[in-house]
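These notes are about the structure you will find just below.
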Number of protein chains: 2
Amino acid sequence: MSHHTTTQRNTAAIPFDAPKNGWQPLGVNEVALDGGLAGDLQELNTNVMIAHCDSWLEREGWLPNFDAAVAGGLPDERRGREFSDSEIYKLLEAMAWEFGRSHDERLRARFEAVVARVAAAQEADGYLNTMFGRPGQAERWSDLEWGHELYCAGHLMQAAVACGRTMGVDHPLVAVATRVANLVCTEFGQDARGGVGGHPEIEMALVEFSRLTGDSRYLAQARLFVERRGRGVLAEIEFGADYFQDDVPVREADSLRGHAVRAVYLASGAVDLAVEDGDEGLFEAVQHQTLSALAKRTYITGGMGSRQWGEAFGLDFELPPDGAYSETCAGVGSMMLNQRLLMASGDVRHADAVERVFYNVVATSPAADGHGFFYSNTLHQRELGTEVPADKVSPRAAGSLRAPWFAVSCCPSNVARTLASLGAYVASKSGHALQLQQYVNGRISTEVPGVGSVSLRVDTAYPHDGEIVVTVLDAPGAEWTLSMRVPQWATGALLDSGDGPSPVGPGYVHVTKAFTTGDTVQLSLPMRARWTWSDERIDATRGQVAVERGPVVWCLESVDLGSSVNLVAVDTSVPPGDRDGRVSVTAAVEEPPASDWPYASGRTERGAPSAQRVEVPLQPYHSWGNRGATTMRVWMPELGSASGE
Amino acid sequence: MSHHTTTQRNTAAIPFDAPKNGWQPLGVNEVALDGGLAGDLQELNTNVMIAHCDSWLEREGWLPNFDAAVAGGLPDERRGREFSDSEIYKLLEAMAWEFGRSHDERLRARFEAVVARVAAAQEADGYLNTMFGRPGQAERWSDLEWGHELYCAGHLMQAAVACGRTMGVDHPLVAVATRVANLVCTEFGQDARGGVGGHPEIEMALVEFSRLTGDSRYLAQARLFVERRGRGVLAEIEFGADYFQDDVPVREADSLRGHAVRAVYLASGAVDLAVEDGDEGLFEAVQHQTLSALAKRTYITGGMGSRQWGEAFGLDFELPPDGAYSETCAGVGSMMLNQRLLMASGDVRHADAVERVFYNVVATSPAADGHGFFYSNTLHQRELGTEVPADKVSPRAAGSLRAPWFAVSCCPSNVARTLASLGAYVASKSGHALQLQQYVNGRISTEVPGVGSVSLRVDTAYPHDGEIVVTVLDAPGAEWTLSMRVPQWATGALLDSGDGPSPVGPGYVHVTKAFTTGDTVQLSLPMRARWTWSDERIDATRGQVAVERGPVVWCLESVDLGSSVNLVAVDTSVPPGDRDGRVSVTAAVEEPPASDWPYASGRTERGAPSAQRVEVPLQPYHSWGNRGATTMRVWMPELGSASGE
C-alpha cells in the first residue's frame, strides 16, 4: 500500500482513487463494454434503469421534496423516508458516470435540471437536507443514529466527485457539495460536537472529496469519523451497537459484522483513509476483516448478510440459504470494498470477490426488463411470491418477484451507479503494466504509466464461454506487462501469448514484452458446469450441493421442475449436464408420507433407490424469477444424503 | 366438541373453562404437586419468581405508572413500553392462582395492595390504561395496530377471572374488569367503530369473562373480534398483515402464521369461542391450523417461531436451530392452545404437545435460581454470551445467558402465571372418568361427575424416571374410568392395573372399575436416551441428530465439551450413554484446515475415521446456560454425514 501523505487532485473519470504506488483504476471513459452479460446490463442501465429511477423519484415525491423546501412547503409536503435525499444523489452519480462514458447531451440536460433543483434547496450556511432543521422538523444533527443526514451528505459529495471527474471541477454541484462538506467539518470537527453518522458513507465521500478538491481538511474529517467510531458514541438501540459498528473501533475488529451495508461502507471508507494516510495498521485490519468475512460470512453468491433482523451479517458459518438477506446494496458495497483492497494490495482474492458478487448479486437485482429490482437476494425461495404490480411500491421486496420501487429504495439507484461505472472495475494499471481484472467484450484505451497510450480489444463471450482473446490495437514500442487474472475456480486454464498454450494456475499471469499492433494473448478458462459443496461448518447446507459454471452460480426453479423445489434431490453420481452452457441436473422428486410430527427415531432418506430420476434444467441465479412466480433453490439436497450411511 | 349455547357461570379455580360434554380441567386447588421437575419449578415460582416480577415492576416504574395516573403525573412520569400495564395484570393473575392453591395470606395482602393501586387509576367511564387518552398522550384507541390497549384490557380481565375463581366474584377487581369490559363492548360493539386489537388476547379474555360473569354480551364481543379479523382491518405494516393474522379470516387459514405469540393467543380465543358457540367449523379450522403447525412449523422442543424478524413462524419446514426464536411466551401460548384443544377434542396429540413445550420451552426460560429468564430459546448458541448484570434490563435477552428483566418483559410474568396454574394441566375429568394428562408427583382430589369425590396419589420421579404409580386414596364405590396418557415416544410402555404388566401403545389407556382405597395402577414408560432425526424436508438439520429422553430434549454445551460446539460431530454407531439419566454421546472434535473460501469442488467430511472419539455428557435442554457463558447445540452433525456416500 501507499505512503503518500499529501492530498493530490485526481480528476480522472474514476469512481475512487487509489495509492499512487499501487494499481490505478481506469476511468469510465477508458473502457468500452460491448455486449455480453456485463455489457448488456450496462446498456439496460443506460436505456431503462436510469430513467426508471428518475421517474420514480419524481413520482414518489422524493425529488419534489427539494422544490417544496424552496417553496416553504416543508415539512407538510415532504414524502419518503429520512434517507430519500440520498436517492437523488445516487441517481446524479449514476448520470455523471454515464455521461462520462457516453457524453449524451440529453442525459446531461436532465442532470443539470436535477442539480438546479437540489442546489436551490441549499441553505445559506450550506446545510442541505429536506428532513431536518425547519420549523416542525427535528433539529439538525439531532438523530445521528437514524437520521441519515451525514449519509445523505456523503452521497451528495460522491455525486459531486463523479460530476467533477466527468464534467469538470468547476461544476456548480461541486460548489454545492463543498459548502456541505465545509459545514460538516465545522459541525463535526476536532473541537465540535463529536459524533458519527449511524449509516457510514460520509467517510469514503470525504476522502474522495479531498482527492477531488485537494483540500486535506476533508481527509482529516474522515479520519475523525473513522477513529471516533466503535466506542459507543451512538445511543443504544435494540439491534445492539454492532448494528452500526459502534461496538469495537475499526482497527480493532476481527470481522465484518452488524448491518451488512453499513459494515462494507465503513470498511470502504477506512480503506480510502488508510491509503491516503499510509496507515498500514488500519489497512491490514480492514483487509483481515474482509478476508475473514469472505471465508466465513459470505454466501456462495458473494452475498453478505444472513439475518433479516437488522439486515445483518450472521456469525461465522451462519449462512442459511432461506434466511439469506444478501441485500443488493451490500453486494454493491462489497464490490466497492474489494476493488479498493485490490488496488492497494494486488491480492487476487479481492478481484475474485468482485467478480462473484457482481455476477451473482448485483446482476441478480434488476429484472430482465430493467423495471424491477430485488432488494434482498435469497438463496432458497420456499413459496411462490405474489405479483408485484408494476406501479406499486413494495416495502422491501420479499418473495420471488422483483418490485419496481421500495419504501426503502436504496438498491435501484445503487445498481444504476455501479453499472454506469462498471468500466472502472475491468482493468487497472501501474508502472509499465496493465492488469485485466474482469473479462468483458470491448475495448480498453489508457495511458500506461512509463509506457504511453495503449489500446486493446478484448474478444470474449465470458462468462458464457471461457475463451478470452486480447488483441493489441495500438501500443508504443516500449516493453510493458499485460497481467490477466485466472480465477480461483479455473483449474486447468491455458495461456497462449504466441508460443502455443501453456497451463497457468489461479492468480495473475503476466506477459511482458514490447507489444505491437496485432499481437494477441489468449486465455482459456475451463467453462463447464461443476458441483460445489460447502464447508462442513455451514450447518444449513450440509448434505446439499450447488452447481457453478465459471463465476456464475446456478439454481433450480419450480417453473422448470413442475413442482416445488422443496422436495427435490439431485443425483451427484451423474455429472451436471452442460450443453453449450445449458446446464442441467439429474434429480428425483418425492413427497414424503404425511406425518403428525417431523421428528422420529429413524433417519429419513431423500430419494429411494427406486425414485424416478429426471433431467431438470438449471438457470443462472442472476436470471431467476424472470418467468413469473416460482420457488427456487441454489443448494440442492443430494440423493441419499439425509443419512449418515 | 360441545353444543351448549347459553353462557354458564363457572367459578371453579380453573384457568379456562371447557365444553360441558368434553373434558373439564381440574382447579388449581385440586392438584398438589410435590417435587420433581414440575413441582420444583412451581415451588421456585412461589418462593422466588413472583416476588422477582413484583420487585422489577416496582423498580422499573411500570406499577408506579398507575400511581402517577392518579396523581396526575402522566404522561411525563410514565415508564415502560406501551404494553407495560399488562405485566401488572399477568402478575395479579399469577398471584391469584397461587393464592387459590396456597391460601397464603401475605400473598393475598400484596395482591390487594396492587389491585387497589390499579383500581384507583380507572377513569369514570371505565377506561383504564396508563398510556393513552390524557393530555399529551395519544388518543384512546388511536393505535389499534401497536397500542396494545385491548391486549392490556384482556389481561386485566384474565386477572379478574383468576381472582373471581379463587377469591370470589364479588372481589373489587372483578368490578374493575367489568367496567373495562363494558367499555370495550360499547366502543367496539356491533354498531361502533369496528376494529380489532393488534395483539390478540382480548378474545379469550372476553369469553372467559362471560363464563365468569354469565354475561353473554362479552361472548358476543369476542365473536365480533374473531370474525372481523383477517380482512385487512388493521393498517398496513412493514411486517405484513400476517404478522397480526389480519391477512386471512380465522376460519379460512391453513396454518398458524405470523407473530407466533399473536398467532397462538388468537387461536386460543377462537377455540374458546368455538366451544361456547358450538361452532364446529371454527373449531375444526383452528385445530387443523394447530396440527399443521405442529407437523411442519414446530421445533423438536415444541417451540414455535423460527424468524427473529417479526418474532414469527416461518414457512413449512423452515426450522433453523440457530435462527430459532421460539419465544417463551409462544410456548406459554402453545400450552394454552393445546390444552383448550385437548379438553374439547380428547385428541392425545394436544396433550403430547403440552408436555413437550412445557418441559422444553416454558421450563427452559427461568434460571435455576428463578432470577433470570430467556425471552427466546435458540436451539444452537454459536458464540459465548456476555454476562447480563443481575440488576440491568436487557433488550430481549439474546445470547447464552438469561436476563433478570427485559424492555419487552412479557415472559417472566407469563411463566409465573403458567407455573401458578400448572395443576390445571395435570388431569381432567368427564362423566364417570378421570384422565391423567401429565405425570407429576403429588395428589389429586376432585369431584368426578356421576361418581363423587375421588382422591389419588401419584408417585413418580417423571420425567427423570418412567415409573408412575397411581394409588387410590379415596373413592366412592361406583365404577369409573381412570385414563392415563401414553406419550407418542413411549414405545414399549407397560400398564399394570393389578393383573401384571401388559404392553400398551401410545394414546390413552383406560382402567374401568369400582376403585377402592389402596388400589394401584402402574404405568411404566421406557425412559432411556434415544437418537432422534428430523424430517428430510427440514433442510437446516439435515445430517444432524438430536438426543431425547422421555419428553426431554437434551443438548451439548461447550462447558462440558471443553471447546466450541461448532466443530463437534457425534458417532451414532455408538448408542447414547444413559446411566440413570446421565446422558452422553460419543463425539469427535476437529478443526478443519483454514480456507479462504468455504465452497469447493469436493465434499468435506466431518470426522475423519482417525478422529479421536470422546464421551461427552449432554444436559437437559431446559437446564442449559446455568453454568456461565457457553455455546450449545441440540442438533449435532453425524460423523461422516456431510457426505452423501
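To find a chain, count down the sequence lines: A is the first, B the second, and so on, and within it residues start at 1. The shown structure was predicted, so the numbers you read here are calculated from the model rather than taken from an experiment.
- Annotation: the span from A/R603 atom CZ to B/E638 atom CD amounts to 4.0 Å, rounded to 0.5 Å.
- To the nearest 0.5 angstrom, B/N566 atom CG is 10.0 Å from A/E318 atom CD.
- A ring pair (Phe, Tyr, Trp, His ring centres under 6.0 Å) with B/Y599 holds for exactly one of A/W635, A/F317, A/W531, A/W533; it is A/W635.
- Of the atoms belonging to A/T532, heavy atoms from both backbone and side chain fall under 4.5 Å from chain B.
- With a 4.5 angstrom heavy-atom cutoff, A/D596 touches chain B via backbone and side-chain atoms both.
- Interface remark: A/T541 contributes no atoms to any contact with chain B (heavy atom separation under 4.5 Å).
- Nearest heavy-atom pair, A/S595 versus B/A295, reported as atom, atom and distance to 0.1 Å: O-CB, 3.3 Å.
- The two residues A/Y299 and B/W597 have their closest heavy-atom pair at O-CH2, 3.4 Å.
- One distance of note links CG of A/D539 with CD of B/Q544; it measures 4.5 Å at 0.5 Å rounding.
- A distance of 10.5 Å separates OG of A/S564 from CZ of B/R537, quoted to the nearest 0.5 Å.
- Listed in order of number, the residues of residues 348-356 of chain A that approach chain B to under 4.5 Å between heavy atoms are A/R349, A/R356.
- The shortest heavy-atom contact between A/P598 and B/L294 is CD-O, 3.5 Å.
- Atom CG of A/L315 and atom NE2 of B/H380 lie 9.0 Å apart (nearest 0.5 Å).
- Here B/A600 is the residue among B/A600, B/A540, B/P320 with the most heavy-atom pairs under 4.5 Å with chain A.
- Counting heavy atoms from C-beta on, the side chains of B/P637 and A/R542 come closer than 4.5 Å.
- For a residue to count as touching a neighbouring chain, one of its non-hydrogen atoms must lie under 4.5 Å from one of that chain's; by this rule B/S306 does not touch chain A.
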